[in-house]
Engineer: 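Before I ask anything, let me first share the structure, which is written out below as structure tokens.
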2 protein chains.
Amino acid sequence: MNHDFPLLRYDGAVSEIPPPSDRPPLRRDAERNRRRILTAARGLIAERGLGVGYEEIAREAEVGVGTVYRRFPSRDGLFYELFHDRVDAVVGILEEALAVEDPWEGLRRFMRRDFELQASDRGLREFMLGGADSTELGRRSRGRIQPLVAELVERARSAGRLRADVGQGDIEIILAMVGGLMDASVRVDPDLWRRYLAMVLDGIQSGDRHDELPGEPPDQAEVGRILAGWARPRRGQGRPRDPEAPARAGPQSETGS
Amino acid sequence: MNHDFPLLRYDGAVSEIPPPSDRPPLRRDAERNRRRILTAARGLIAERGLGVGYEEIAREAEVGVGTVYRRFPSRDGLFYELFHDRVDAVVGILEEALAVEDPWEGLRRFMRRDFELQASDRGLREFMLGGADSTELGRRSRGRIQPLVAELVERARSAGRLRADVGQGDIEIILAMVGGLMDASVRVDPDLWRRYLAMVLDGIQSGDRHDELPGEPPDQAEVGRILAGWARPRRGQGRPRDPEAPARAGPQSETGS
DNA sequence: TCAAAAGTGGAAGTTAACTTCAACTTATAG
DNA sequence: CTATAAGTTGAAGTTAACTTCCACTTTTGA
């Protein structure tokens, strides 16, 4: 059992320094392939999310599927390699935010930087959101991140800049909520999330001052494209079909005898 | 081509009054089955979203799959039957909201009532969000709803209660954003959305007064359950696997020779 | 009552992933 | 240089939907 290696740090947070590997090193070709797989996976997952298939990763990496399975028998191993440094980055952002003098500014800064980090990587977004708890890394990450967020919230509240009725849990929900919007909108307008983050921040601060909203309200066409990309259910449901009107798709009163 | 039957109404909106069906009436058994299918579909889709399969609907309706396909060759026809009256309800809510004297109160009321309507029906939520534009009904619905929302927004802004830099498109995005949260959280806490809607409303009003936030901040366990249910990617990715550490899932420095 | 039209059911075909594995290839150590 | 362990591959098996089709049943109207 060597896969738990918490090293205590100054504040009780757990460091992510990897232990010396105890397995024999990979063969040279294997190492090369491993690198290719990670590169391919990084790109595909950043683009399309955690769901991309091994077959596609293999194709992109110019490697057989079997190789991908051999190297990463479970997706957790792959996600570990792809995201552990990103988690470190988030922790870094949190520490920086805690170092900011003005507590409200610190909280704002954290949220903004966190979203900036996630903006370019859909996989990271999904990992941080829902995927987090199904993975060893995910659970550990939450353990590192939560106390820092709690501290940030506590500071902002004590300083009187955060509404007293807003708690740590609210911040996490807000991150998820705006993150969900980001998922749908980044491709249409990469900075739109800033606008809605600003609205929510205005809603949870206790001062009465509004910052100006960044960007412009999206126009109809933009809204349409954003909604069209919102978390689809499974298979299509708008496929082009034969032009025949579907049987009784034309309205028919339920009261027909 | 008889499946377009816009009847002009007072404000140019399109009425949804069904035309007399020109097809021969269904046989008695067919009508009975059609009813069963709709009932089953209504329940399943409200519970689990637009993605439920025909096989499952058939099982629930105690009918063969073939029957479901015969009656609803495309999902659009099914969605039409399930949702056209819900769209009418939304339009009704909008009209009521426009009749409220205080424009800001009207806007608030619309959003609240709209969410209350959607809270109990995940399928409706998905239909109103993304699914809307892939369907004849969806497109028509947007056409009816948008001008009313625009009017509501215009009123609230003229009255000076809505920030001047908030547009109609923003309201639609906010509906989608909070709707996404609702998707993830209704099962855990059916009223949690009210809290975040309140925050956003506070963020977009121009007065400096905050309403009290409904509910309490979710605690850690609650946040965990909510995030766990957030729009999953495709297949599981946290399946229980053999307890062996995945090959090199244990961290290994990328710098290994 | 009975023939025709309408409707039904569900097995079998289709699609699109995911995963395994046994024959083959390559790096490495001696 | 060679034996061997490590690694690679992609075809074939598996799973879980979706959809079609036709032999059979039910309703209807003359």
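Reminder, nothing fancy here: chain letters follow the sequence lines and each chain counts from 1.
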Engineer: If you check the A:Arg70 side chain, which of C:dG9, C:dC18, D:dA6 turns out closest?
Structural biologist: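 Nucleotide nearest to A:Arg70's side chain: D:dA6.
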Engineer: Could you tell me whether the phosphate oxygens of D:dG7, OP1 or OP2, come under 4.0 Å of any side-chain nitrogen or oxygen in A:Thr67?
Structural biologist: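 It does not, given that no N or O in the side chain of A:Thr67 lies less than 4.0 Å from OP1 or OP2 of D:dG7.
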Engineer: Would you please confirm or rule out a distance under 4.0 Å between OP1 or OP2 of C:dC18 and any side-chain N or O of A:Tyr54?
Structural biologist: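 Negative; the distance criterion is not met.
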Engineer: In whole angstrom, what separates A:Phe72's CZ from C:dC18's P?
Structural biologist: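 Going from A:Phe72 (CZ) to C:dC18 (P), I get 16 Å.
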Engineer: Which nucleotide in the set D:dT19, C:dG9, C:dT8 lies at the smallest distance from any side-chain heavy atom of B:Val65?
Structural biologist: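 Out of D:dT19, C:dG9, C:dT8, the nucleotide with an atom closest to B:Val65's side chain is D:dT19.
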Engineer: Determine the interplanar angle of the A:Phe83 and A:Phe79 rings, folded into 0 to 90°, and report it as parallel if under 30°, tilted if 30 to 60°, perpendicular if over 60°.
Structural biologist: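 Geometry flag for A:Phe79 against A:Phe83: tilted rings.
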Engineer: Could you check how far CG of A:Asp29 sits from C1' of C:dT25, rounded to whole Å?
Structural biologist: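 That distance rounds to 9 Å.
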Engineer: What is the distance from CD1 of B:Ile37 to P of C:dG7, rounded to the nearest Å?
Structural biologist: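 Roughly 12 Å, once rounded to whole Å.
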Engineer: I want to check one thing: is the phosphate of D:dT8, taken as OP1 and OP2, less than 4.0 Å away from some side-chain N or O of A:Arg71?
Structural biologist: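 For D:dT8, OP1/OP2 do have a side-chain N/O of A:Arg71 under 4.0 Å.
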Engineer: So which pairs with a foot in residues 174-184 of chain B pass side chain to side chain donor-acceptor pair (under 3.5 Å), sequence neighbours left out?
Structural biologist: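 Counting only pairs at least two positions apart or across chains, the side chain to side chain donor-acceptor pair (under 3.5 Å) contacts touching residues 174-184 of chain B are B:Arg125-B:Asp183.
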Engineer: With no angle test and no hydrogens, is the base of D:dA6 tied to the side chain of A:Arg27 by a donor-acceptor pair under 3.5 Å?
Structural biologist: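 Under the 3.5 Å cut-off, the side chain and the base do form a donor-acceptor pair.
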Engineer: Using whole Å, report how far CG of A:Leu26 lies from P of C:dT26.
Structural biologist: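 After rounding, the reported distance stands at 18 Å.
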Engineer: Is it the case that over 12 heavy atoms from other parts of the model lie below 6.0 angstrom from the CZ atom of B:Arg187?
Structural biologist: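 Not buried by this count: 12 neighbours or fewer within 6.0 Å.
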Engineer: Which whole-number value in Å describes the distance from B:Arg35 CZ to C:dG7 C1'?
Structural biologist: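 Interatomic distance, CZ of B:Arg35 to C1' of C:dG7: 17 Å.
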Engineer: Please state how far atom CD in B:Glu62 lies from atom C1' in C:dT8, giving the value in whole angstrom units.
Structural biologist: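 My rounded result for the distance is 15 Å.
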Engineer: How close or far is atom P of D:dT26 from atom CD of B:Glu31, stated in whole angstroms?
Structural biologist: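 So the two atoms are 19 Å apart, to the nearest Å.
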Engineer: State whether B:Asn33 places a side-chain N or O below 4.0 Å from either non-bridging phosphate oxygen (OP1 or OP2) of C:dG7.
Structural biologist: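 Answer no for this pair, as no side-chain N or O of B:Asn33 is under 4.0 Å from OP1 or OP2.
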Engineer: Name the nucleic acid region contacted by B:Arg28, choosing base, sugar-phosphate or nothing; use a 4.0 angstrom heavy-atom cut-off, strictly under.
Structural biologist: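 Counting heavy atoms under 4.0 Å across all strands, the contact made by B:Arg28 is with sugar-phosphate only.
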Engineer: When the distance from CZ of B:Arg34 to P of C:dA6 is rounded to whole Å, what number comes out?
Structural biologist: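 Value for this atom pair: 17 Å.
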Engineer: Taking all atoms of both residues into account, what is the closest heavy-atom pair of A:Leu227 and B:Ala176, and its distance?
Structural biologist: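 The answer is CD2-CB, 3.7 Å.
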Engineer: Given that B:Glu55 and A:Tyr69 both sit by DNA chain C, which one's nearest nucleotide is further toward the 5' end?
Structural biologist: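 The residue whose closest nucleotide sits nearer the 5' end is B:Glu55.
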Engineer: One thing to verify: whether A:Arg28 and A:Glu31 come together as a salt bridge, which I'm taking to mean a side-chain N less than 4.0 angstrom from a carboxylate O.
Structural biologist: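 No, this pair does not count.
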